[in-house]
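Report on one structure; see the data block that follows.
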Amino acid sequence: MAATPTDPPAPSADDRPDPLGAEQLRRRLEEEIGRAERYGTALSCLLVGLQDPDGLARAHGEGTPERALECMSRALAPQLRRFDRVGLLAGGQLLVVLPGADERRGEIVARRALRRLRAVKLEHGGARQAIAVRIGLTAWRSGLSAEQLVERSRRAARPESGRSAQPSSGRS
């Protein structure tokens, strides 16, 4: 099994660093919230998760969800600005920190990310299969902590019955 984008980007010196770990991500998010509070700038977070990580592991083997997230992180990199950061959250999700992005700009990034992620395929037993993802977008508001911002992004990413994957906003 391998998870690969259908058109993988060519490696370059501009490649983004590996995803941040949970603690590094928390620190970076707190720094960006502090910056947004000080300067009155916008900040959004995009949460990306697998629709059914347990089913993915059962169908393709243990470790598959983690490999899929790593591949999804690499696939997202070309869609992001140099200062946007991707990190791994506990629970097998990616969080994209979008400094300077208000809700409208965050939604543009979310739609581009969703299009890109739909191109990521699992290869298993000679067959290629799309990875079902869920995404949620939340714009930071004054007074929200890093934990609250992440939780709102998680709620925005929860699948709703009868709805296909679309970027959803976690509005206050």
Side-chain angles (χ1 to χ4, degrees), residues 5 9 12-53 65-120 131-160 163-172:
S12 75
D14 294 335
D15 283 349
R16 306 304 193 276
D18 289 335
L20 297 174
E23 183 59 26
Q24 292 172 309
L25 180 62
R26 183 190 60 76
R27 281 194 309 264
R28 178 63 186 257
L29 185 53
E30 287 173 355
E31 289 170 5
E32 293 301 339
I33 287 173
R35 196 171 285 119
E37 284 178 335
R38 269 190 313 280
Y39 301 113
T41 57
L43 171 66
S44 291
C45 285
L46 178 65
L47 185 127
V48 179
L50 298 168
Q51 204 68 297
D52 182 14
E66 292 79 14
R67 288 190 299 273
L69 285 170
E70 289 169 11
C71 184
M72 290 164 51
S73 173
R74 286 191 308 273
L76 285 174
Q79 306 302 316
L80 303 173
R81 301 166 297 181
R82 285 187 157 298
F83 51 86
D84 294 335
R85 289 307 307 234
V86 177
L88 293 167
L89 291 173
Q93 300 166 322
L94 297 173
L95 185 73
V96 182
V97 179
L98 303 167
D102 59 13
E103 192 168 359
R104 184 183 64 77
R105 288 187 177 139
E107 190 163 328
I108 291 168
V109 173
R111 291 189 187 285
R112 279 194 330 245
L114 186 56
R115 275 194 305 274
R116 180 70 179 146
L117 291 173
R118 286 182 174 154
V120 176
I131 300 173
V133 298
R134 55 190 176 86
I135 65 174
L137 174 69
T138 302
W140 176 79
R141 305 278 189 267
S142 181
L144 282 181
S145 68
E147 293 79 19
Q148 291 169 321
L149 186 59
V150 170
E151 182 53 37
R152 287 179 183 211
S153 297
R154 280 189 172 123
R155 282 196 311 259
R158 286 193 185 124
E160 296 177 26
R163 222 174 86 171
S164 62
Q166 293 293 321
S168 58
S169 297
R171 294 193 171 117
S172 315

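Side-chain atoms are counted along with the backbone in the values below, which use heavy atoms only and exclude waters and symmetry mates.
- At distances below 3.5 Å, at least one donor-acceptor pair connects side-chain atoms of Arg116 with backbone N or O atoms of Ala75.
- Evaluation of the salt bridge (Lys or Arg N to Asp or Glu O under 4.0 Å) rule for Glu70 yields no partner, not counting sequence neighbours.
- Residues passing the side-chain contact (heavy atoms from CB on, under 4.5 Å) test with Arg38 are Arg35, sequence neighbours excluded.
- Looking only at distances, a side-chain donor or acceptor of Ser153 sits under 3.5 Å from a matching main-chain atom of Leu149.
- Rounded to the nearest 0.5 angstrom, Leu89 CG and Arg154 CZ are separated by 5.0 Å.
- Not counting sequence neighbours, Arg27 has no partner by the side-chain hydrogen bond (donor to acceptor under 3.5 Å, both in side chains) test.
- Rounded to the nearest 0.5 angstrom, Arg105 CZ and Leu137 CG are separated by 13.5 Å.
- Within the model, atoms CD1 of Ile135 and CG of Leu94 stand 11.5 Å from one another, a figure rounded to the nearest 0.5 Å.
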- request: Verify salt bridge (charged side-chain N to carboxylate O under 4.0 Å, His left out) between Arg141 and Glu103, making sure each step is shown before the conclusion.
  value: CA-CA 10 Å; Arg141 305 278 189 267; Glu103 192 168 359; 3.4 Å; yes
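- The CG atom of Leu88 sits 8.5 Å away from atom CG of Leu20, with the distance rounded to the nearest 0.5 Å.
- Interatomic distance, CD1 of Ile131 versus CZ of Arg67, reported as 11.0 Å (0.5 Å rounding).
- A salt bridge is absent between Glu147 and Arg152: the closest approach of a Lys/Arg side-chain nitrogen to an acidic carboxylate oxygen does not fall below 4.0 angstrom.
- Residues satisfying the side-chain hydrogen bond (donor to acceptor under 3.5 Å, both in side chains) test with Glu30, not counting sequence neighbours, are Arg26.
- To the nearest 0.5 Å, atom CG of residue Leu114 and atom CZ of residue Arg112 are 12.5 Å apart.
- Evaluation of the side-chain hydrogen bond (donor to acceptor under 3.5 Å, both in side chains) rule for Gln148 yields Ser145 as partners, not counting sequence neighbours.
- Residues passing the side-chain hydrogen bond (donor to acceptor under 3.5 Å, both in side chains) test with Arg28 are Glu32, sequence neighbours excluded.
- For Ala113, the side-chain contact (heavy atoms from CB on, under 4.5 Å) test picks out Leu46, Leu76, with sequence neighbours left out.
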